[in-house]
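Below: one structure, written as structure tokens.
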Amino acid sequence: MTGVTRWTGQEVALLRRAMRQTGRDFAAMVGVSNRQLTTWESRGATIELRPGNQAALDTLLARAGTAIQQRFAELLTERAAAAEDERTEELLRRDARLFKHPLDGKLMVRIEEGIFLSGPRNVPTWVDSFLIDIYPTTNADFARFVQATSHRPPRHWPEGRYPEALRDHPVVWVDWNDAAAYVRWCGKGLPTSQQWEKAARGPNGREYPWGDEPTAAKCNTAEAGIGQTTPVTRYQSGVSPYGVYDLCGNTWEWCATQEQPGRFELKGSAFTSPFDRARPSLQNAANTTMQDNDTAFRCVTTA
């Protein structure tokens with residue numbers, strides 16, 4: 001297990017719980033006083049540790065046994081799930097357009113019926129009202145589906161379980177059939193390319209979800225130099241007019257629109273794509289059996 005990206009007092013407290021150590025004994029292992037440890041834990045997420053302390057905790061976690069690492073991962077997962085639930089409930093209270101789907105628990109937003117400007121030529125196009133997932137389907141989302149149906153897990157999950165560090169990243173290495181199986185399970189569907197594009201561009205045909213300025217810093221494309229997927233909540237400044245995330249960069253997303261038999265449209269570009277491929281109006285497609293480390297999906301429903 002690799003180190004935590006950023007140790008705060010919360011992660012320190014969780015690691016101590018996982019190791020089942022007293023404060024005094026755990027402080028000695030990290031090389032700080034018990035008073036310092038108490039300060040870290042009491043301040044929780046509001047305190048970020050110094051690089052030397054971060055390194056000491058990384059080393060302590062790396063040398064811990066498998067059982068401890070597993071307990072720590074489970075505690076992190078529980079905390080993240082609780083925080084996600086709290087964030088979801090707060091969003092639902094603030095915006096009447098939002099909806100929590102009863103089967104897969106994903107937060108969705110309603111896109112009202114009407115005309116929007118579609119494609120590179122901005123053709124006026126009518127789309128009926130629908131709900132779309134605010135975030136792409138994550139590894140944690142897909143894991144619930146795999147557990148419920150015994151569907152084949154993605155190839156990058158060691159021993160059939162997603163790496164904890166990728167919990168809130170889009171699930172990749174899924175072909176169109178995997179995505180179709182997931183949406184059948186949760187009673188939703190894949191978006192048509194026009195639904196997806198309207199969610200990204202809004203009714204007035206923005207060039208990008210955030211506006212008309214080509215700002216590469218608002219999404220995870222090749223120019224970012226990250227070289228992999230990022231958490232679906234990362235690019236808050238890049239959301240669409242409807243508050244939908246990751247509609248430029250991070251991962252291509254499967255759509256329900258068939259380009260020709262056996263080939264379906266993809267939207268959004270990815271971390272592997274140059275920024276000039278990030279416009280939501282651009283078209284792309286792939287065979288139903290195509291899998292890659294930069295291709296994912298999200299769901300829609302009209303219910």
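Quick caveat, the model's predicted, so the values are computed rather than measured.
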Residues Arg201, Asn122; criterion side chain to side chain donor-acceptor pair (under 3.5 Å); working and verdict: CA-CA 11 Å; Arg201 302 181 67 193; Asn122 288 329; 2.6 Å; yes
Determine whether a donor-acceptor pair (N or O, by modelled atom type, separation under 3.5 Å) exists between the side chain of [X] and the backbone of [Y].
{"X": "Asp141", "Y": "Lys106", "answer": "no"}
{"X": "Asp178", "Y": "Asp175", "answer": "yes"}
{"X": "Thr215", "Y": "Lys218", "answer": "no"}

Least distance between heavy atoms, [X] atom then [Y] atom:
{"X": "Thr221", "Y": "Ser269", "value": "CG2-OG, 4.2 Å"}
{"X": "Phe275", "Y": "Cys219", "value": "CE1-SG, 3.7 Å"}
{"X": "Ala165", "Y": "Asp168", "value": "O-OD1, 4.4 Å"}

Asn139: partners by side-chain hydrogen bond (donor to acceptor under 3.5 Å, both in side chains), with sequence neighbours left out: His156, Trp157
Partner set under side-chain hydrogen bond (donor to acceptor under 3.5 Å, both in side chains) for Gln21, not counting sequence neighbours: none
salt_bridge(Glu41, Arg16) N-O dist < 4.0 Å: yes
Mind checking what makes salt bridge (Lys or Arg N to Asp or Glu O under 4.0 Å) contact with [X], not counting sequence neighbours?
{"X": "Glu223", "result": "none"}
{"X": "Lys188", "result": "Asp104, Asp133"}
{"X": "Arg206", "result": "none"}

Distance-only criterion, 3.5 Å: show the donor-acceptor pairs between side-chain atoms of residues 26-35 and protein atoms not counting sequence neighbours.
residue: Ser33; atom: OG; partner: Gln36; partner atom: N; Å: 3.0
residue: Asn34; atom: OD1; partner: Arg24; partner atom: N; Å: 3.4

ring-ring contact (aromatic ring centres under 6.0 Å, His included), paired with Phe264, selected from Trp176, Phe297, Trp196: Trp176
